[in-house]
Novice: 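Structure below; questions to follow.
Predicted, not measured: the structure shown is a model, and the values here were computed from it.
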Amino acid sequence: MTRTDDHKTDDTGPSGYAAARLHLLSEGARSGPPRRTALAGLTDDWLTGLFTAAAPTAKGISLVAVGGYGRGELSPRSDLDLLLLHDGSDPTAVAALADRLWYPVWDLGISLDHSVRTPAEARKTAGEDLKVQLGLLDARHLAGDLGLTAGLRTAILADWRNQAPKRLPELQELCAERAERHGELRFLLEPDLKEARGGLRDATALRAVAASWLADAPREGLADARRRLLDARDALHLVTGRATDRLALQEQDQVAAELGLLDADTLLRQVYEAARVISYAGDVTWREVNRVLRARAVRPRLRAMLGGGKPGAERSPLAEGVVEQDGEAVLARTARPERDPVLPLRAAAAAAQAALPLSPHAVRRMAATARPLPTPWPAEAREQLITLLGSGRPTVDVWEALEAEGLISRLLPDWERVRCRPQRNAVHLWTVDRHLIETAVRASALTRRVGRPDLLLVAALLHDIGKGWPGDHSVAGEIIAKDVAARLGFDRADVTVLATLVRHHLLLVETATRRDLDDPATVRAVADAVGSESTLELLHALTEADALATGPAAWSTWRGSLVTDLVRRVSAVLAGEHPGTEPEPAAPTAEQERLAIEAHRTAGPVLALRAQAEPGPPEESTETVEPLGVELVIAVPDQPGVLPALAGVLALHRLTVRTGGLRTLRLPDDVDDDGSVLLLEWRVAAEYGSLPQASRLRADLVRALDGSLDITSRLAERDAAYPRRRGRAAPPPRVTVAPAASRHATVIEVRAQDAPGLLFRIGTALEKAAVRVRSMHASTLGANAVDAFYVTSGTGAPLPPEDASATARVLEEALGA
């Protein structure tokens, strides 16, 4: 321990130490680690003087600092953890020495945690009491027989390493119980700096794990996080004059001033950021501990089965450049982050969808080497962000992994203002940044209620983004949301909708609970602010998600019923002004007409598969929406089974359908005045790997149509050979019949979790229901499929209501609803 000559005292009595201690603590120039080091050194000198005066020639006895004092982390009101170690040869002399040491400490009013033990007793007690063992891991010699202390330290460390497979799970359980009692430090308005999750005790536990040599914590920022919490505790002790670890509201301004910070919010942000680092390090460390322990338990059995050979780690593909290994999402060996700027988002989305943690090594590598995304983002990047946001509860841990390496602030620079920002409102459970993620988690469960789940999820992420700016956060947030949405690559119409959702995210709940809903002017004002039924639908879901993510006091059955009543009234007004009509099909292009004629003449499918180059930045005067995937255009003579056949072939080739359209095209009179061809315009992307050749797709489609390719069996065989990880539980699919949506057909809407073969199952179910698909509009938004099918009976008329309901039920059964 470093000594400071200016604070040494020749007086080994309490008064000399007390005066030097007071002088040290009242020095404004010295704080933080230097002051803790000086205070520990001063205390070392005093206790050494007491020991030497009481036992100048003692042998087989030593004085040992343990716990926080052993680490040299003495705060102004810290207690002293001391062990009087002896060889057992003279218990009477040891007892007398203990009195000469403990009483001066008590006389000063300093809390003392003391024990008197032989090395054997110390090891036995450590084996029975985990807390004692943790304290002894930090044992530091103060005075007396150095060999005795060194022997105990060596034995305790050896015991800890030998017993790690048993003691580490016990330590993890201890940490979990403490977190349950004291909560998460980084979300509490009055956090316990020591006991809460992410606090000083957790930091100490990570040191103990490292000492076991079984696993180690991520070291980036960990020492600084620990220092910040210790600095805050020092200031708290000085301000209150008490040995407290709880940062109470009434003391936060004074503690901030003691630390030279602007205000209490700045203090809390620093504390929260430190706790976030420690919490994340703990998550990663305990995951690694459990992985190592599982491997140790399995290895002997595997050696016996494999004749002593070492099995290679199994790697299962999750997405392009991302695989699962040892229960984590890691980068594939062929991944090149420096050439693939979308990889961080793709890896995060794949991990969250599979409910896997994202490997910290992968995140670190991507943070160090990945190129920044262009502005606006590529379409794939936007889709991967939406998939990540829509993954439910696993999103939280994956987001934390990206945050730990600074990737979130690089992707979304505006995030920096809300990161770890406290909310001084008892209703709120979370900081602003965590509340936004929690809202996205809640919104992911409501995606079946809206036609644009992508806009709902992004609005959930951005609705409180203005809280980092002065003034009304909704007004500031609207401006920020426009900028972020444009940067993400949304078109102008979607940017407007997102800005409206952020600007008015409190409108429904405030109006429903504070205004007279029987007043037409109230309903008219909300309708004017919202503008359309689709935006109202989104705002309704966002309102519920926001309230549920705030805390139990923010939402109730009563509030929900009031909001629903308001939405019903506003929807009626908007429906009266904006009646729904079936979209008119666009006129066929020359190429589409050529493909249709060729399909008619050959009596078989004709296929065009075209990859499109990434367009450059859009011109100021135009609206360019960058495509996702490649364009697939198919013309095939009108016949039953086309939809499930094509969807099944695409699933067999591991192609994901991003958008899909189907319509009937009448042939020109000079070709066949009675002939018609089905035209399918789809955009597809390879799940991973490269795209198949168009000729292979066509050959398989021909076989599927003539019945020689059993798609159902082939998909079942593949799923049995390579079972997919189930991942998180997605919201159940929703199948509805849209009332009065078309005069010519019955519109059936399907909203479900996107999955391989989804359209194949839908198409097969519609064939089973004996209905004809007149047209189709399918889209995949993140991980959500939103499809509309315009179906008719065999005579070409809309389905009777009972037949429409029966068809919807057939679809629900096929999708497992």
Novice: Side chains of S75 and R233: is there a donor and an acceptor less than 3.5 Å apart?
Specialist: yes

Novice: Between R419 and E273, is the closest basic N to carboxylate O distance under 4.0 Å?
Specialist: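 Salt bridge present between E273 and R419.
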
Novice: Hey, could you give me the CD1/CH2 distance between I110 and W102, rounded to the nearest 0.5 Å?
Specialist: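 Separation between the atoms: 13.0 Å.
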
Novice: Among R140, R207, R226, which one satisfies salt bridge (charged side-chain N to carboxylate O under 4.0 Å, His left out) with E73?
Specialist: R226

Novice: Can you tell me how far the CD1 atom of I437 sits from the CG atom of D433, to the nearest 0.5 Å?
Specialist: 8.0 Å

Novice: Can you confirm whether the side chains of S115 and R117 place a donor and an acceptor under 3.5 Å from each other?
Specialist: yes

Novice: How are the rings of W106 and H114 set relative to one another: parallel (under 30°), tilted (30 to 60°) or perpendicular (over 60°)?
Specialist: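 Ring orientation of W106 relative to H114: perpendicular.
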
Novice: With no hydrogens and no angle check, is any side-chain donor or acceptor of W160 less than 3.5 Å from a backbone partner on A208?
Specialist: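 A pair under 3.5 Å: yes.
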
Novice: Indicate whether the side chain of R424 and that of Q252 have a donor and an acceptor atom separated by less than 3.5 Å.
Specialist: yes

Novice: Rounded at 0.5 Å granularity, tell me how far NE2 in H86 sits from CG in L97.
Specialist: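 The distance works out to 10.5 Å.
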
Novice: How long is the span from the CZ atom in R276 to the OG1 atom in T431, to the nearest 0.5 Å?
Specialist: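 Here the rounded value is 10.5 Å.
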
Novice: Please tell me if the side chains of L84 and V64 come closer than 4.5 Å, counting only heavy atoms from C-beta onward.
Specialist: no

Novice: Can you measure from OG (S78) to NE2 (H237) and round to the nearest 0.5 angstrom?
Specialist: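 If I round to the nearest 0.5 Å, the distance is 5.5 Å.
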
Novice: Supply the atom-to-atom distance L74 CG to L80 CG, rounded to the nearest 0.5 angstrom.
Specialist: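 Separation between the atoms: 6.0 Å.
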
Novice: How about D263 and T266: does a side-chain donor come under 3.5 Å of a side-chain acceptor?
Specialist: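 Side chains of D263 and T266: pair found under 3.5 Å.
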
Novice: Does the pair D231/R227 count as a salt bridge with the N-to-O cut at 4.0 Å?
Specialist: yes

Novice: In terms of side-chain heavy atoms, does D397 have a donor or acceptor partner in Y280 at a distance below 3.5 Å?
Specialist: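 There is no such pair between these side chains.
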
Novice: Looking at A98 and V116, what are the two nearest heavy atoms and their distance?
Specialist: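 Minimum heavy-atom contact is CB-CG2, 4.2 Å.
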
Novice: Can you confirm whether E128 is buried at CD, in the sense that more than 12 heavy atoms of other residues, nucleotides or ligands lie under 6.0 Å from that atom?
Specialist: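 Correct, the count exceeds 12.
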
Novice: Distance alone, cut at 3.5 Å: any donor-acceptor contact between the side chains of S409 and E416?
Specialist: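 There is such a pair (donor and acceptor under 3.5 Å, judged by atom type) between the side chains of S409 and E416.
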
Novice: At their closest point, which heavy atom of E184 faces which heavy atom of S279, and how far apart are they?
Specialist: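 Looks like OE2-OG, 3.7 Å.
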
Novice: Where is the tightest heavy-atom contact between L137 and L157, given as atom of each residue plus distance?
Specialist: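 Residues L137 and L157, closest heavy atoms: CD2-CD2, 3.8 Å.
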
